[in-house]
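Structure, as structure tokens:
Since the structure is predicted, the reported quantities are computational estimates derived from the model, not experimental observations. Quick note: numbers below take in every heavy atom, side chains included, and nothing from hydrogens, waters or symmetry partners.
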Amino acid sequence: MKMTTFFLLCFSLIVLSAQDKPTDYLSADFHKERRAKARSLMPPNSVAVFFSNAERNRSNDVDYIYHQDPDFYYLTGYKEPNAVLVLFSEDHKTAEGKVYNEIIYVQEKNRRAEQWNGKRLGVEGTKEQLGFEMVFNGSEFQKSNIDFEGFDKILFFDFKNDYRDTRNNADLFDLIKTFKIKIDYPSDYNATRQQIYSMITSTEIENSANVAQTLGRYLNYYEDLKSDNLLAGYVDAKDNDKRKEIQDKVSLEMKSNNLNSFLLAEIMNSLRETKTAEEMVLLKKAVEISAVGQLEVMKAMRPNMSETEIQGIHEYVYKKYGAEYEGYPSIVGGGNNGCILHYIENNKQKVGNELVLMDLGAEYHGYTADVTRTIPANGKFTKEQKLIYDIVYNAQEAGIKASVVGAPFQAPNEAASEVVAEGLVELGLISSPSEIKTYFPHGTSHYLGLDVHDKGTYGPFQENTVITVEPGIYIPEGSNCDKKWWGIAVRIEDDILITKNGPINLSGMAPRTTQDIEKTMAMPSVLDSFTLPGLD
Ligand code: GLY
Ligand code: MN
Ligand code: MN
């Protein structure tokens, strides 16, 4: 073989193997820019520390499929466990004079571990693929000389205590243990108390009576905070002078350490609420995949199918498009099962002639959809089913219309609830709108993104925010109404992009009106001829 032919062959092999994996992930530049944005929101002379998600055991020596913490993924693109990201609000210098404002500690490369559990990026891979400059193995975290005491604020999310110590001496357990020692984390640290302290110190004294009253009600749910003398004193204080005195003591107490476990949530909420163009490509794809899943199931649905089988068709469509996971456990509830809001048993053997509520979302490169359709298993809505369906449909239309820039977060819920209440009263299912919760017990909207219930500020809607609009009516068997309504459960859920030109329904590809659903269900399906041998 000639040398040039040999090099050409090697080159094509490299290109081919590079194409072997998806290439449409978020770019290193995206994560870098997000870190810069996070840094710009940090207070002066502060440090923010993020930990990767814990690995969790499923059975014996098998763990649950690992899923990165969405904040960690958003800021780094790193998908492995046992990692720490440290962001500094200002530039720092190494002894050699190198300027840096971030450090990431990652899993060490290990041939044996990688043969069992898959490749690791390691220090070099993290530098090359994710664009970090200061990268160390996790074991170096303990030896790091970050002067935590010297910062005015150390920002972190308080620990969920749901991680285990393993044989790995740089696992999440060890990294957090090291961090707690480094920051002098008090054994009785209480993140909720810190947040309430902060609220007290930032309250104008003229408003303190209101805050004290609300706090009094709140403390009834938190036994461990009731015994806090400062909080109890603030709640019991008779006048503003007394509250001011306690406020000063709270300020002093807050200055006794530099730990802050609530500001990071505010920063991440505000960053993640609106989506960049790069994020939208992935989020749109997740939503469209899920809408196609609904469409294909409408064609394939037969009364003799089981809930599990229906779930499998949706999920097969997701995989066919390359979506790695589902964004949350799939919900497929036939008849009365649809009344359980997060029904995930999905084990009814035949959906029969009932409505089937299907709430599923593909997760594509981290971004998840959340789409619900409710369809009659035999292809035709009954009169009662259609009456309920149309109320939910009209409520959803009103909710979508209210999803505009500048509207309060509650606007879609208020618009949809009004339509549902009116409809239920008209059908005699409730006697007054105030009883709406009997049959519509949940809210109408949440943010959507890396988390199915994504982070956001709950302030007025901003452009490039994606929310769900998902009203529902659920009439469980045994409800206090005519039996003809029992077992009817309808939720319609779409993923709505808020733009300055109005709302855009990203999941509109999945039929939504009763007419379109019935028309689609009458179409042939590729699965009509997909039969498998019977098993003994
Ligand atoms: N699938 C969960 C939800 O709709 O919020
Ligand atoms: Mn939802
Ligand atoms: Mn849902």
Side-chain angles (χ1 to χ4, degrees), residues 38 40-49 89-90 148-160 180 183-273 406-411 413-414 417 434 437 443 446-447 455-462:
S40 74
L41 299 174
M42 287 165 61
N45 192 31
S46 65
V47 60
V49 182
S89 56
E90 281 89 17
F148 284 103
E149 213 181 309
F151 292 102
D152 289 340
K153 283 196 168 66
I154 301 171
L155 314 181
F156 65 106
F157 287 106
D158 201 25
F159 310 102
K160 301 184 191 100
K180 284 182 171 175
I183 64 172
D184 208 5
Y185 180 83
S187 59
D188 63 346
Y189 186 81
N190 184 317
T192 312
R193 176 169 52 207
Q194 294 305 311
Q195 193 158 9
I196 296 174
Y197 278 3
S198 160
M199 185 182 71
I200 289 176
T201 52
S202 58
T203 296
E204 301 285 347
I205 211 66
E206 298 76 54
N207 297 329
S208 62
N210 286 337
V211 171
Q213 203 177 30
T214 312
L215 185 58
R217 283 198 298 271
Y218 185 80
L219 289 188
N220 285 328
Y221 299 100
Y222 289 89
E223 278 305 317
D224 49 339
L225 291 180
K226 261 191 200 165
S227 56
D228 182 288
N229 288 339
L230 289 174
L231 294 182
Y234 190 78
V235 168
D236 294 339
K238 296 278 176 287
D239 52 38
N240 283 353
D241 287 347
K242 185 70 190 162
R243 278 188 290 274
K244 176 80 181 78
E245 188 188 316
I246 294 172
Q247 195 184 57
D248 292 343
K249 283 187 188 159
V250 170
S251 283
L252 213 61
E253 175 64 28
M254 284 191 79
K255 286 194 187 111
S256 67
N257 67 49
N258 58 359
L259 308 186
N260 184 310
S261 52
F262 52 88
L263 195 53
L264 215 43
E266 286 175 26
I267 292 173
M268 295 313 296
N269 290 349
S270 93
L271 282 186
R272 285 179 51 191
E273 177 170 335
F409 184 86
Q410 280 305 324
N413 187 49
E414 280 165 16
S417 299
S434 64
K437 288 277 173 218
H446 54 78
Y447 299 109
K455 293 194 164 183
T457 62
Y458 295 91
F461 286 134
Q462 303 176 55

Next item on the list: Look at atom NZ of Lys180 and say whether more than 12 heavy atoms of other residues, nucleotides or ligands are closer to it than 6.0 Å.
Entry: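 Enclosed.
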Note to self: With a 6.0 Å cut-off (strictly less than), is the heavy-atom count around CG of Asn220, excluding the residue itself, greater than 12?
What the structure shows: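 Atom CG in Asn220 is packed in, count exceeds 12.
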Are the side chain of [X] and the backbone N or O of [Y] linked by a donor-acceptor pair below 3.5 Å?
| X | Y | answer |
| --- | --- | --- |
| Asn258 | Ile183 | no |
| Ser256 | Leu252 | no |
| Asn257 | Tyr185 | no |

If you look at every heavy atom in [X] and [Y], which pair is closest and at what distance?
| X | Y | result |
| --- | --- | --- |
| Ile200 | Gln247 | O-NE2, 2.8 Å |
| Lys226 | Ala232 | O-CB, 4.0 Å |
| Lys249 | Leu230 | CB-CD2, 3.7 Å |
| Leu215 | Leu231 | CD2-CD2, 4.2 Å |
| Pro44 | Glu90 | CA-OE2, 3.5 Å |
| Thr457 | Ser270 | CG2-CA, 3.8 Å |

Check: Can you find a side-chain donor-acceptor pair between Asn413 and Gln410 that sits under 3.5 Å?
Finding: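 Yes, a side-chain donor-acceptor pair sits under 3.5 Å.
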Item checked: Any pair counted as side chain to side chain donor-acceptor pair (under 3.5 Å), so long as it reaches residues 189-203, sequence neighbours left out ->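 Listed by first then second residue: Tyr189-Ser261, Asn190-Asp224, Arg193-Asp228, Tyr197-Asp228.
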Next item on the list: Check side-chain contact (heavy atoms from CB on, under 4.5 Å) between Pro460 and all other residues, then give those that pass, not counting sequence neighbours.
Entry: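 Counting only residues at least two positions away or on another chain, Pro460 forms no side-chain contact (heavy atoms from CB on, under 4.5 Å).
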Notebook entry, point to check: Would Ser89 and Phe151 count as a side chain to side chain contact (heavy atoms under 4.5 Å, CB included) if you check the C-alpha gap in whole Å, the side-chain angles of each, and the deciding distance to 0.1 Å?
Noted result: CA-CA 10 Å; Ser89 56; Phe151 292 102; 5.8 Å; no
